[in-house]
Engineer: 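Shown below is the structure under consideration.
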4 protein chains.
Amino acid sequence: MSVNKVILVGRLGRDPEVRYLPNGEAVANFGVATSEQWKDRNGERQERTEWHNITMYRRLAEIAGQYLKKGSQVYIEGRIQSRKYTGKDGVERTAYEIIANEMKMIGGRDMGGSSSDFDGGDYAASSSASAAPVAAASSVPPAAPRREVNKPAPVVDDLDDDIPF
Amino acid sequence: MSVNKVILVGRLGRDPEVRYLPNGEAVANFGVATSEQWKDRNGERQERTEWHNITMYRRLAEIAGQYLKKGSQVYIEGRIQSRKYTGKDGVERTAYEIIANEMKMIGGRDMGGSSSDFDGGDYAASSSASAAPVAAASSVPPAAPRREVNKPAPVVDDLDDDIPF
Amino acid sequence: MSVNKVILVGRLGRDPEVRYLPNGEAVANFGVATSEQWKDRNGERQERTEWHNITMYRRLAEIAGQYLKKGSQVYIEGRIQSRKYTGKDGVERTAYEIIANEMKMIGGRDMGGSSSDFDGGDYAASSSASAAPVAAASSVPPAAPRREVNKPAPVVDDLDDDIPF
Amino acid sequence: MSVNKVILVGRLGRDPEVRYLPNGEAVANFGVATSEQWKDRNGERQERTEWHNITMYRRLAEIAGQYLKKGSQVYIEGRIQSRKYTGKDGVERTAYEIIANEMKMIGGRDMGGSSSDFDGGDYAASSSASAAPVAAASSVPPAAPRREVNKPAPVVDDLDDDIPF
DNA sequence: TTTT
DNA sequence: TTTT
């Protein structure tokens, strides 16, 4: 028995990148920034920003592609997952990402999200999605040449690229 | 405004490693395993274990050093923090760790933890600890040659080693 | 957009009480204790126990009925929900309960739970369960004369009793 | 060992009510609404709103009094606590409230909160506050005749009123 | 009592 | 790469 839970509230650095697995399942990737402020011992205001790589599958991925935009503020629940990969430089590294199983749009108004088609909402991964991790390949982030996003999202044959995030 | 929160329940893979910063502050590092089970599309039982690198400071670090052992089951609350470092091979990598601000011992009994001196308990990082991240150096995990643990923990002069975790 | 999330780790005060709605859906009710200890300003050790009324539906309810027992340690995730009811004394009161959507058995071994048939596990409410609250009546806790539990659980016609929890 | 944690994101129904204990400690009370939407079996859109009674102490209470307003969107972390009281009608009831130990203002802009003096921020209860529950009396909500709020908050002699929330 |  |  164990628990591996992450709760984030932050903003997207870019529009989500949505891709499709050979079996038709959608996969969305995007970064979410959280930042903390504090005063150091000299009383100086400090800030530190952390970028979280988010991965969503299926319906959640599709919703992200439709409604989330660069700058959108989101509440995300998920789990931490690490993954080994070999970079173009032939070096093995470990990437970590948050596999989301729940997402809620925050703040609403129109920052990142056209209020005309949508005004806030919350979504959960299908039960099976949350229980059954998809094959490793599916959680590999987009390759070097970025493609169009939120558009006629291309069906890709192989997500097994060598560059993470 | 943002939220960066992690909740874990899992077991330690080793005894915690406790070190001391030049200013006398304790820093504890240890790994916690969480695992998930699921059935794949062929109905085969699958399991995946994730190892989380935990970092604790100050009082929480000292308590970890005193009461946690390899195999101990713990509840941990903290935040995700990443950190760039250059390995011995000269390659730059990013490590992620969980900076804990709360810890509770679970299950008790005698698996990992002598019930004679202690029977469960919960601890929170001092408010300032949670608000003010210590200098980056302090969150660097132990160097290659492992030292004694939970013992007359040595005061180290420099935590700026080049190997993470 | 809003978030209403509760995370509990505690022990059951009794075996779960499982009942069935007219439509065949299972409903489980049980109390979980959490306690906090602290030292008051006189340095005296204080303790306070809180009892949480847990409600589970469907598969989660059935699993609770099968595997949870008085004394079992559980991790529960859910939401807070209040409910007005009128007691036998004709007085209206408000009860609050935790509608669980995830449950994990902790600690294992044999305290509350026969390790022969089971060794820990985690369960999530079906997506629809979490999305669609059942009619108010279904969340009403068992009436005064306690019935058999974890057994050939009786199909009840009406859960609209007037005593909460 | 146990965990009793609540995470809420919602909006204040009214300005916080801040009072002071005889010892000078501030206590803030306010309601936060969370709501869930779902479609029932007839495909009809349903909504249910839950009101959570929030209690904050000390610095957190003062910050709430200063920066939170009716309509403000907040992230709150705390624990569930119940409390018995006898109403004016002589009937004993149990009230539940969320004792907050962390609060973050969300969304910013000017809905509920003058962006001139403040633009988002996060606050944690002092460590001692979170560890040591204040005397029961202190968590009793405001009595019938509402007093001024967010103003020269009066020092009250006794919070032992008989009406909760 | 909030908000969309 | 976000935002205040």
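Every value quoted in this text rests on a predicted model; they were computed, and no experiment measured them. The sequence lines fix the lettering, A, B, ..., with proteins before strands; numbering per chain opens at 1.
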Engineer: What is the distance, to the nearest angstrom, from the CG atom on D15(D) to the P atom on dT1(E)?
Structural biologist: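 Computing the D15(D):CG to dT1(E):P distance gives 14 Å.
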Engineer: How far does CD1 of I80(C) sit from CD1 of I98(C), to the nearest 0.5 angstrom?
Structural biologist: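 These two atoms lie 5.0 Å from each other.
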Engineer: Sequence neighbours excluded, which residues qualify as side-chain contact (heavy atoms from CB on, under 4.5 Å) partners of E77(C)?
Structural biologist: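 K5(A), E77(A), K5(C), I7(C), Y75(C), N101(C), E102(C).
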Engineer: Go through the N and O atoms of the side chain of T49(D) and the base of dT2(E), and report whether any donor-acceptor pair is under 3.5 Å.
Structural biologist: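 Under the 3.5 Å cut-off, the side chain and the base do form a donor-acceptor pair.
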Engineer: Between atom CG in N53(A) and atom C1' in dT2(F), what is the gap in whole Å?
Structural biologist: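 Going from N53(A) (CG) to dT2(F) (C1'), I get 14 Å.
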Engineer: Go through the structure and list residues passing side chain to side chain donor-acceptor pair (under 3.5 Å) with S82(C), not counting sequence neighbours.
Structural biologist: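 Side chain to side chain donor-acceptor pair (under 3.5 Å) list for S82(C), sorted by chain: E50(D).
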Engineer: Calculate the interatomic distance between L12(A) atom CG and dT4(F) atom C1'; express it in whole Å.
Structural biologist: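 Roughly 17 Å, once rounded to whole Å.
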Engineer: For R48(D) and dT3(E), what is the distance between atoms CZ and P respectively, to the nearest whole Å?
Structural biologist: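 So the two atoms are 20 Å apart, to the nearest Å.
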Engineer: In terms of relative ring orientation, are Y96(C) and Y96(D) parallel, tilted or perpendicular, with 30° and 60° separating the classes?
Structural biologist: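 Taking Y96(D) first and then Y96(C), their aromatic rings lie parallel (interplane angle under 30°).
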Engineer: Which one, dT1(E), dT3(E), dT1(F), comes nearest to the side chain of W51(D)?
Structural biologist: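 The nucleotide sitting nearest to the side chain is dT1(E).
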Engineer: In this structure, how many angstroms lie between the P atom of dT3(E) and the CG atom of L68(D), rounded?
Structural biologist: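 Distance, rounded to whole Å: 14 Å.
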Engineer: Nearest whole Å is fine: how far is dT3(F) C1' from H52(A) NE2?
Structural biologist: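 Whole-Å distance recorded here is 14 Å.
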Engineer: Rounded off to whole Å, could you give me the CD-to-C1' distance for the Q46(D) and dT4(E) pair?
Structural biologist: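 Those two atoms, CD and C1', are 17 Å apart.
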Engineer: Using whole Å, what does the distance between atom C1' of nucleotide dT3(E) and atom CD1 of I106(A) come to?
Structural biologist: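 Between C1' of dT3(E) and CD1 of I106(A): 13 Å.
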Engineer: Kindly point out which of dT2(F), dT1(F), dT2(E) is positioned nearest to the side chain of A33(A)?
Structural biologist: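 Selected nucleotide: dT2(F).
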